[in-house]
Amino acid sequence: MEPSSATPVVQTTVRDHIALVTLCNQPVNALSTAVRQGLQAAMTQVTADPEVHAVVIVGSGRHFIGGADIREFGLPRQPPSLPEVCQQIESSDKLVIAAIQGSALGGGLELALSAHYRVATESARLGLPEVALGLLPGAGGTQRTPRLIGTEVALDLMLSGRHVGAREALRMGLIDHVTTDEDIVAEGLACARSLLADSTPVRRTSEMTEALADRSAQQTAIDAARVAVQKKRGLFSPARIVDAVQAALDLPFAQGMVLEQALFDQCVASPQCASLVHAFFAEREVLKAPETQAAQARPLRQIGVIGGGTMGAGIAVSLLDAGLRVTMIERDDAALALGQSRVAQVYDGLIRKGRLSDEGKADILARFKGATTYDALGDADLVIEAVFEDMAVKKAVFAELDRVCQPGAVLATNTSYLDINEIARSTSRPQDVVGLHFFSPAHLMKLLEIVVPAQVNADVVATGFALARQLKKVPVRAGVCDGFIGNRILAVYRTAADHMVEDGASPYEIDQMVRQFGFPMGPYEMSDLAGGDIGWATRKRRAATRDPKARYVHIADALCERGWFGQKTGRGWYRYEAGSRTGQPDPEVLVIVDQARAQAGITPRSFTPQELERRYLAAMVNEGAKVVAEGIALRPLDVDVTLLYGYGFPRHKGGPMKHADLVGLPQILADIQAFAKQDPLFWQPAPLLVQLVQEGKDFDSLNRRKSHA
Ligand code: 3H9
C-alpha cells in the first residue's frame, strides 16, 4: 500500500474500498494545524472517492492522539479548527472507524467520538484531561460525550481528567469493541470490513438521544457535579464544564457547540490555563538536564539504604515499590528492627485499606533485607544515606561506603542542607557522590532534588534521573548550596512570614492567607506537622554564621524551648487535642508573640491578606531569582517544579516564577523595593530580577534558552 495523497503528517491509502487515514505526527500525533489540514484534505478526498466505502483513522507510533497541540495555544488560530474537522468526520456518509492504541486523550478522544465506531486495543488509555490544563473539552467533547454515555459518567471523566483503560471505556459505552490483538491497523480494517458486510449504517454521536432520555436523572447528576465543583476552591474551568454539559442536556447540538466554544475561549484566555500549561511542559523540561543528554545511566538492581528512620524507611518503600532490591543498614539490631517495622507498617496500612494482599506484601518484603554491618553493601549499585544531619556523622558513613562498595557504585546522600562537595571530597571517589534529596514522606512525595556536586561524573547524575523515573518521581537538578533549591527558598519566605508575625500579623492569619492562595497548608501548620525541632536544629547550626545585623525573630525558638514541637507533642503554633491532627489557635502562643514584639520594641500593626500575600510571594520569587542567577536551578521553571511538587505551591498558579510573570515583574520589584525601606538587608532585590525588569523581559524568557552543562 503506497501513500497516495496529502501532507506528510496525514497519509491515506485505499485498499478493498477501505481508506486508511494514518496520523504521523510524532511523538503523540498532537492535532497541530498541519494535522488538522491533512485530516480535512483526507476526509474531503475519501468522501468524494466512490471507491471508498469506509474510513479507518489510526495514529502511527505509540499513541492514537495525545490531544490538541498544546504548543499552539496562545498563537493565532489557523483553520480548520478541530471542531470543524470533527464535524466533517461525523457528517461523512461513509462509515468512519477510529482505531485506537496507546492514548486517545482530549481532542484525540473527541475526534474518536466524532467517528461512527470505535475499536481500541486492550492497553489503550482514553480520557478528557483538559481540566488539568485549565480547559474544557473544546472539540465537541462536552456535547458528544453526554449524548453517548450520559451526564454522570461524562462529568466524571471531564472533571477528574482521569484516563480510563479500554475495558472500562467499553463498559461506559465510550467505545464499541476491545481487541486483544495489538495490531491496531489490522483490527481497524477488520472492524470496517465486518461493519460493511453487515451493512451497518453510520451512527452520529451528536444525534444520539438515548443516554439523555431520562432527563431528571441527567439533571440530578449535573446538580451534584455543580455542588462538588463549588468545593474546588478557585478553579476556573470545572464550573464551565458543568455549564457546557447542562447545555448538552438543554440545547440542540449546534447551539451547545457554540456555547462550548465560548466557554473554551474563556478558559484558554485564563491565567490558570497559562499556569497549568506551563506546569505541563515544565515537568517534562526538568527531565532534560544536561547530564541526561550527555551520559547513560548506570544500571541499578541492588540498592542500599543507610538509616531506618522516617526518611530511610520512606526511601526504602519507594525503592521496593519500584521493584528494586533493598538492603537497609542500621547501627544495631534494635534500630534495624525498628526501621524494618516502619517499612512493614506502610504495607500493613495498604492491606488495611484493601490495596494490597498479604501475599503481595510478602513478595515485596522478599526483596528487602537488613544488616548491621556495611559489608552487606558489597554488591550494591547505589547506596542512599539517610542518617542524622551532621557532617561528622555523614563523613563517617561515607568512609565506610568508600571501604565496602564496589567500584562504580553510586554513593548518594539525602542531606537537606549539608555541603555535598565536602562529603564527596572526604571519599576517595568524589566522582561517584551525588545528592538525592527526598521529601517526607519519601514514598509519597513526588519531588526528588538531584544535587550535583562539583566533581561528580555525568553518568552518576543521569543515574539519579533514571532512578527518579523508576520511582515515578519528578526530578529537578539542583546545585550545591545551603538548602539547594527548595529549602533555601523556603527558609527565606518563612523568614518573611516570621517578620510579619513579629510586626503584627498572627501566625493563624498567615496560614489562612497561604491556604487561601491555594497551598494545602500554611508555614506554621507545616512546621507543626514536620516538627518544630527540625527547624530549631537548623537555626542553631546556622547561628554561628548568621549575619549579626540580620533581623532575627525569636518566637519559634521560644516555642521550642517549651518543648512545643507541633503535632507530635500536642502543642506547637497550634494546640492539638489528643489524637487530632487538626490544630486550634492557641492564645498562649499569641501571648508569646506579644512578648517577643515588646522585647523587640515593635508596636504591632495590622496587615491585609493582600499585603501578607505580596510579601510572602515576593520573598519566594526574589530568592528564586537568586537561585537561578547562581545556577543552583538551571532555569526558573526548575524553581517552579520544585515548589509545585515539594512545597504544595498550587499548580493552577504555575509555580512562583510563573506567578511572578503573570503578576508582572515590575510590580514584584516595586514591592520588594518598598519593603526594603524598612529592612534593606532582608529585602535586597535579586540582580536578575532588576535586570529582567530593565530589559522588559520575564522569567519565561530564561526558560526558552538552551540548558547548558
Ligand atoms: C485539548 O485536546 C483541547 C481540546 O479539547 C480542544 C481543542 C480545540 N501537544 O508525556 P510525554 C509532547 S488539550 C503538544 O513524555 P508519554 C510532550 O511535551 C490536550 N505536545 O510522552 C513531550 O515533548 P518533549 C489534551 C504534546 O508517552 C512529548 O510530547 N491532552 C502533547 O509519556 C512526549 O510526551 C492532554 O492533556 C500535546 N497534546 O505520554 C494530554 N502531549 O519530548 C497531554 C504530549 O519535547 N499528554 N506532548 O518533552 C499526555 O498526557 C502525554 O504526553 C501522553 C503521552 C499520555 C499523551
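In each ligand, atom 1 is the first atom listed, and ligand 1 is the first ligand listed. Hydrogens, waters and symmetry mates are skipped; everything else that's a heavy atom, side chains included, is used.
Remark: among candidates G66, S81, G140, P83, the nearest residue to atom 30 (N) of ligand 1 is G66, based on non-hydrogen atoms. With H163, R284, R71, E84 as candidates, the residue nearest to atom 23 (O) of ligand 1 on a non-hydrogen basis is R71. For atom 14 (C) of ligand 1, the choice among L105, L31, N25, D69 with the nearest heavy atom turns out to be D69. With L287, I70, V277 as candidates, the residue nearest to atom 9 (N) of ligand 1 on a non-hydrogen basis is I70. Evaluated by nearest non-hydrogen atom to atom 33 (C) of ligand 1, the leading choice among A132, G134, P27, G127 is P27. Comparing F280, F64, F264 against atom 43 (C) of ligand 1, the shortest heavy-atom distance belongs to F280.
Checking only distances, F73 never comes within under 3.5 Å of ligand 1, N or O to N or O.
Ion pairing between K658 and D698 fails under the 4.0 Å rule for side-chain N and carboxylate O. One finds no salt bridge joining R635 and D700 here, because no Lys/Arg side-chain nitrogen approaches an Asp/Glu carboxylate oxygen to under 4.0 Å. Between R167 and E122 there is a salt bridge, since a side-chain N of the basic residue sits under 4.0 Å from a carboxylate O of the acidic one.
The backbone and the side chain of A68 each have at least one atom closer than 4.0 Å to an atom of ligand 1 (non-hydrogen atoms only). Contacts between V28 and ligand 1 below 4.0 angstrom, taking non-hydrogen atoms only, involve the side chain exclusively. Here E285 has no heavy atoms under 4.0 Å from ligand 1, in either its backbone or its side chain. Residue-level proximity to ligand 1 for L133 is carried by the side chain, the only part with a heavy atom below 4.0 angstrom. Contact annotation: for K288 versus ligand 1, heavy atoms closer than 4.0 Å belong to the side chain alone.
A cation-pi arrangement is not found for R651 relative to F649, the charged atom failing to lie both closer than 6.0 Å to the ring centre and inside a 45° cone about the ring normal. For the pair R203 and Y117, the cation-pi criterion (under 6.0 Å, within 45° of the ring axis) is fulfilled.
Distances from ligand 1 to the non-hydrogen atoms of R62 include at least one value under 4.0 Å.
For ligand 1 and G107, the ligand atoms under 4.0 Å from any heavy atom of the residue are 1 (C), 2 (O), 4 (C), 5 (O).
Protein non-hydrogen atoms do reach within 4.0 Å of atom 48 (O) of ligand 1.
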